[in-house]
There are 2 protein chains.
Amino acid sequence: MKRNSRLSLALHTLSHMAGDPSRMRTSADIAEHAGTNPVVVRRVLGRLRKAGLLTSEKGHSGGWRLAQAPEDITLADVYLALDERLVTGGDSDEAPACSVEKALHKRVTGVLEDVEQRLIQRLSETSISEVRGN
Amino acid sequence: MKRNSRLSLALHTLSHMAGDPSRMRTSADIAEHAGTNPVVVRRVLGRLRKAGLLTSEKGHSGGWRLAQAPEDITLADVYLALDERLVTGGDSDEAPACSVEKALHKRVTGVLEDVEQRLIQRLSETSISEVRGN
DNA sequence: AAGGCACGCAACACCGTTTGTTACGTGAGC
DNA sequence: GCTCACGTAACAAACGGTGTTGCGTGCCTT
Ligand code: FES
Ligand code: FES
């Protein structure tokens, strides 16, 4: 949709994890596989952890692992975990007055919210285990 | 949704025009009213003209005017006029192989297309004349 | 107990997109 | 001919996303 890549990375990684949930992966592994940087991986995976989709462990045999059964994690969960909502989340917008602008804004955000609802609904129909993880 | 402001500007301007379609407005007027720059106005309004929503005239009493009846211009028309599709338009994406990545991408873009469809459908339910132009 | 490993986090450089600004050309009136 | 307003290009500034480095903190191995 918008300025992605985070979603792609998250989904890609989770898909692989779904293929072998017990295996522990380091951010370095993931980064190399995804062609990016370990820190970047930790950044986005961190959000997923905060949402309870992943767990991370430090130390020698540390790394990342799914916190739930692959079948229970839907694409919507992932989308929501990295909260990049369509509706540009509660922004302290411009002119409060101006009847027209207000009406306009209301209309548009109304539609947007409806659409986002739809998006989430559609995403929730697929789990990460339904996308073959090699 | 994404990196907007163009949509806002377009909608705001058209709403005002809908309130008094015969009146001719200059980009300078519009820019001042919208708190931006004339060139910026021309840029975005130019797209609307290309889409047949507006006409522009040079010379002394030149400016911008609606090319259609206000009731015939829907929000969807405006949205489509400045083509900033949600689905990040036909990008020549990454790795062609990788069954997983491909399946994933397909799923996501599928949903996205459906959602964008919905967005357009919802936007088309409202015309710019339905938003009080003072 | 010491060393190493992997995450957590902050700071910063880099880059692409968007927005704003200046400048100049063109056509339509006056 | 002069002015007005658009059309367009070029460039600067602002913004957000991504990549990188550095350092701190647990945890496991030895
Ligand atoms: S200023 Fe209020 S709508 Fe234009
Ligand atoms: S490389 Fe991870 S899906 Fe192909």
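Letters go in sequence order (proteins before strands), and every chain restarts at 1. Worth knowing before you read on, the calculation uses all heavy atoms, side chains too, and leaves out hydrogens, waters and symmetry mates.
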Just how far is it from atom [atom1] of [X] to atom [atom2] of [Y], taken to the nearest 0.5 Å?
{"X": "B:L11", "Y": "B:S15", "atom1": "CG", "atom2": "OG", "result": "5.5 Å"}
{"X": "A:L14", "Y": "A:I128", "atom1": "CG", "atom2": "CD1", "result": "4.5 Å"}
{"X": "A:R25", "Y": "A:M17", "atom1": "CZ", "atom2": "CE", "result": "6.0 Å"}

With 3.5 Å as the limit, what N/O pairs link the protein to nucleotides 13-15 of chain C?
none

Qualifying salt bridge (charged side-chain N to carboxylate O under 4.0 Å, His left out) pairs, either residue in residues 122-131 of chain A, two or more places apart
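Output for this query lists A:R122-A:E125, A:R122-B:D114.
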Enumerate the residues from residues 24-42 of chain A whose closest heavy atom to DNA chain D is under 4.0 Å, giving them by residue number; use none for an empty result.
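Those residues are A:T36, A:N37, A:V39, A:V40.
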Among residues 47-58 of chain A, which residues get a heavy atom nearer than 4.0 Å to DNA chain D?
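Residues of residues 47-58 of chain A under 4.0 Å from DNA chain D: A:K58.
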Closer to the 5' end of DNA chain D via nearest nucleotide, is it B:G62 or A:S61?
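The answer here is B:G62.
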With sequence neighbours excluded, residues passing side-chain contact (heavy atoms from CB on, under 4.5 Å) with B:A28
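With sequence neighbours excluded, B:A28 shows a side-chain contact (heavy atoms from CB on, under 4.5 Å) to B:T26, given in chain and number order.
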Atom CZ of A:R43 to atom P of C:dG8: distance rounded to whole Å?
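Rounded to the whole Å, the gap is 13 Å.
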N/O donor-acceptor pairs under 3.5 Å from side chains in residues 62-78 of chain B, not counting sequence neighbours:
unit_1	atom_1	unit_2	atom_2	d
B:R65	NH1	B:S22	O	2.8
B:Q68	NE2	B:G52	O	3.2
B:T74	OG1	B:A76	N	3.3
B:T74	OG1	B:D77	N	3.2
B:T74	OG1	B:D77	OD2	3.2
B:D77	OD2	B:T74	N	2.9

Pairs meeting criterion side-chain hydrogen bond (donor to acceptor under 3.5 Å, both in side chains) with involvement of residues 31-44 of chain B, two or more places apart
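Sorted result for residues 31-44 of chain B: B:H12-B:H33, B:H16-B:H33, B:S27-B:R42.
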Check side-chain hydrogen bond (donor to acceptor under 3.5 Å, both in side chains) between A:R107 and all other residues, then give those that pass, not counting sequence neighbours.
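Testing A:R107 for side-chain hydrogen bond (donor to acceptor under 3.5 Å, both in side chains), a comparison that skips the adjacent residues, returns B:T126.
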Would you say the side chain of B:V115 lies within less than 4.5 Å of the side chain of B:L119, judging by non-hydrogen atoms?
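SC-SC contact between B:L119 and B:V115 ruled out.
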Quick one: which of A:E84, A:R85, A:E116 gives a side chain to side chain donor-acceptor pair (under 3.5 Å) with A:Y79?
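Among A:E84, A:R85, A:E116, the one meeting side chain to side chain donor-acceptor pair (under 3.5 Å) with A:Y79 is A:E116.
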